[in-house]
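A short worksheet on the structure shown next.
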Amino acid sequence: MKPYAQLDIGKVKVFPLVSRRSLSEVNALMVDPEAPLQPISENSSARIRDCADKIREAIKRRAAVMLIYGAHLVKNGASLIVQELIRSGAVNHLATNGAGTIHDWEFAWFGQSTESVADNVLTGTFGTWDETSRNIHIALLAGGTRGEGYGQSLGRLIHEEGVEIPPAAELSKLIVNDPNHPLTAARAELLAAINDHRLPSGWYALPHRWKGSSILGEAARLNVPLTVHPGIGYDIISNHPMFNGGAIGRAAGIDFKVFGAAVSNLDGGVVLSVGSAIMGPQVFEKSLSCVNNLRIQRGEPIIRDHSIYVVDLQDGGNWDWTRGEPPKDNPAYYLRFCKSFSRMGGAMHYLQCDNLAFLHHLYQELKKP
């Protein structure tokens with residue numbers, strides 16, 4: 001059988017970020033956590049008060065409080081609010097998708113993000129921004145040689161404003177001397193990138209002028225786990241000659257296991273799924289199954305007594321999810337972000353609410369004595 005034809009990504013022409021017409025600017029976007037709250041429904045207010053109580057109880061028992069969020073949370077300016085939640089200890093694990101990290105990094109380094117997909121796909125320029133893909137790949141490739149996942153590697157790059165790139169000769173020696181080492185594949189990936197893309201060895205300095213806006217950078221500074229769950233080909237870092245699905249997959253594989261460590265501490269804990277229609281429910285259900293599998297093998301009870309708060313702008317299919325999932329002939333059955341979480345044990349609550357407003361109200365509620 002012949003190998004299938006492949007597109008030569010190595011020939012994609014890339015452009016500097018400064019040449020892109022960016023649609024959002026970090027200083028205009030970020031919402032002050034202490035700013036006045038925007039109005040929300042009384043139903044949402046009541047659910048948020050209940051959520052804050054559950055978080056306080058979880059913190060007392062040292063259980064996991066997980067914030068799983070989509071990219072729009074960053075694009076809507078909630079990053080400073082999320083930072084306050086992790087500084088206060090109200091959230092002890094964060095998880096996002098690849099796009100969530102791309103906007104976070106672009107704001108931290110460039111001060112701007114977001115482009116017109118419709119306009120730029122037609123000109124072949126959508127996502128072809130050199131610095132974004134290059135620097136995220138460098139972070140993942142270097143982090144892989146330290147056994148770090150996606151979130152920790154990229155967070156370190158932002159927080160430390162650079163990364164150490166080992167000499168090619170040193171990597172070659174490590175590979176030859178110990179080919180069976182667990183980090184050999186990651187070392188080989190970085191070595192290939194050094195040779196193919198002329199990466200300099202030593203300290204790769206990369207100042208981030210707006211790193212104070214970064215959830216990734218602050219999580220790294222505080223050593224709070226932030227895991228990233230991308231899809232290969234989902235994100236604009238695929239549109240670059242440095243695209244390396246192996247490096248992305250390796251980093252994401254580590255993060256799935258880190259995510260599972262948080263889920264394993266979820267008895268009496270809280271899950272906040274905020275604007276994550278696909279990644280959050282898909283990753284969580286597999287992770288919870290893994291954790292329960294291991295517990296059952298040890299003769300332990302499965303995860304229980306956890307609370308799940310799902311937040312989205314949609315109306316939840318106009319279904320009362322406290323009744324469980326709807327029948328298959330109801331369109332609401334096909335809302336993955338509701339249905340999956342309703343199957344995960346514990347108590348699932350759905351809030352139709354703007355994601356920024358939800359977190360802002362939650363932060364203010366948690367400040368109350």
Side-chain angles (χ1 to χ4, degrees), residues 3-10 12 14 68-71 93-105 127-129 132-158 163 165-166 171 174-175 179-197 199 216 219-220 225-263 276 278-291:
Y4 297 146
Q6 298 181 27
L7 192 67
D8 189 352
I9 301 295
V12 170
V14 294
I68 306 170
Y69 63 96
H93 185 99
L94 303 122
T96 191
N97 55 15
T101 69
I102 288 167
H103 292 296
D104 186 298
W105 182 84
T128 57
W129 312 112
T132 302
S133 297
R134 176 177 295 274
N135 288 303
I136 291 177
H137 271 92
I138 287 173
L140 301 185
L141 287 160
T145 65
R146 298 186 298 266
E148 295 175 353
Y150 195 129
Q152 188 172 20
S153 298
L154 188 52
R156 180 194 289 271
L157 175 74
I158 296 169
V163 66
I165 299 178
L171 288 169
L174 289 169
I175 293 167
N180 294 320
H181 193 280
L183 296 179
T184 292
R187 291 165 177 168
E189 296 279 4
L190 178 55
L191 178 60
I194 289 171
N195 293 330
D196 293 345
H197 302 283
L199 303 184
L216 281 157
L226 190 163
T227 55
V228 184
H229 309 277
I232 305 301
Y234 276 34
D235 303 311
I236 65 167
I237 60 173
S238 304
N239 296 3
H240 193 280
M242 277 190 74
F243 169 61
N244 188 317
I248 296 168
R250 183 178 300 107
I254 292 169
D255 276 6
F256 180 70
K257 291 182 281 188
V258 176
F259 185 93
V263 172
S276 181
I278 303 298
M279 179 279 292
Q282 291 290 305
V283 173
F284 185 82
E285 67 183 13
K286 280 74 174 183
S287 183
L288 182 62
S289 181
C290 285
V291 170

Would you say [X] and [Y] make side-chain contact, with heavy atoms under 4.5 Å?
X: V291; Y: K286; answer: no
X: I102; Y: D104; answer: no
X: W105; Y: L157; answer: yes
X: L154; Y: V228; answer: no
X: I136; Y: L140; answer: yes
X: R250; Y: E189; answer: yes
X: S153; Y: R156; answer: no
X: P230; Y: I248; answer: yes

task: Applying side-chain contact (heavy atoms from CB on, under 4.5 Å), run through I175 and T184 and close with a yes or a no.
output: CA-CA 6 Å; I175 293 167; T184 292; 4.1 Å; yes
Test item: [X] side-chain N/O and [Y] main-chain N/O as donor-acceptor pair under 3.5 Å:
X: D255; Y: Y150; result: yes
X: T101; Y: G98; result: yes
X: D235; Y: I237; result: no
X: T227; Y: V258; result: no
X: H137; Y: S133; result: yes

Write down the atom of [X], the atom of [Y], and the distance for their closest heavy-atom approach.
X: G144; Y: A186; answer: O-CB, 3.4 Å
X: M279; Y: N97; answer: CE-N, 3.7 Å
X: G100; Y: A71; answer: N-CB, 3.6 Å
X: G70; Y: S276; answer: N-CB, 4.1 Å
X: N239; Y: G127; answer: CB-O, 3.6 Å
X: P166; Y: L190; answer: CD-CD2, 3.7 Å

task: Evaluate side-chain contact (heavy atoms from CB on, under 4.5 Å) for R134 paired with L199, printing each intermediate quantity in order.
output: CA-CA 10 Å; R134 176 177 295 274; L199 303 184; 4.0 Å; yes
Sole residue of I165, N244, V163, I194 in side chain to side chain contact (heavy atoms under 4.5 Å, CB included) with L141: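 The side chain to side chain contact (heavy atoms under 4.5 Å, CB included) with L141 is passed solely by N244 among I165, N244, V163, I194.
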message: As a quick check of understanding, evaluate side-chain contact (heavy atoms from CB on, under 4.5 Å) for Q152 and R146, giving each step before the final call.
response: CA-CA 10 Å; Q152 188 172 20; R146 298 186 298 266; over 6 Å; no
field: Qualifying residues under ring pair (Phe, Tyr, Trp, His ring centres under 6.0 Å), relative to Y69, sequence neighbours excluded
entry: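 Expected list: none.
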side-chain hydrogen bond (donor to acceptor under 3.5 Å, both in side chains) partners of K257, counting only residues at least two apart: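 By the side-chain hydrogen bond (donor to acceptor under 3.5 Å, both in side chains) rule, K257 matches no residue at all.
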query: What distance do L94 atom CG and L226 atom CG have between them, rounded to the nearest 0.5 Å?
result: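 If we round to the nearest 0.5 Å, L94:CG and L226:CG are 4.5 Å apart.
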task: Please round to the nearest 0.5 Å and tell me the distance separating atom CE of M242 and atom CD1 of I138.
output: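 One finds 5.0 Å between CE of M242 and CD1 of I138.
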message: One pair to check against side-chain contact (heavy atoms from CB on, under 4.5 Å): H93 and I68. What are the steps and the verdict?
response: CA-CA 8 Å; H93 185 99; I68 306 170; over 6 Å; no
- request: Can you tell me which residue pairs pass the ring pair (Phe, Tyr, Trp, His ring centres under 6.0 Å) test with a partner in residues 228-253, sequence neighbours excluded?
  value: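 Sorted result for residues 228-253: H229-F259.
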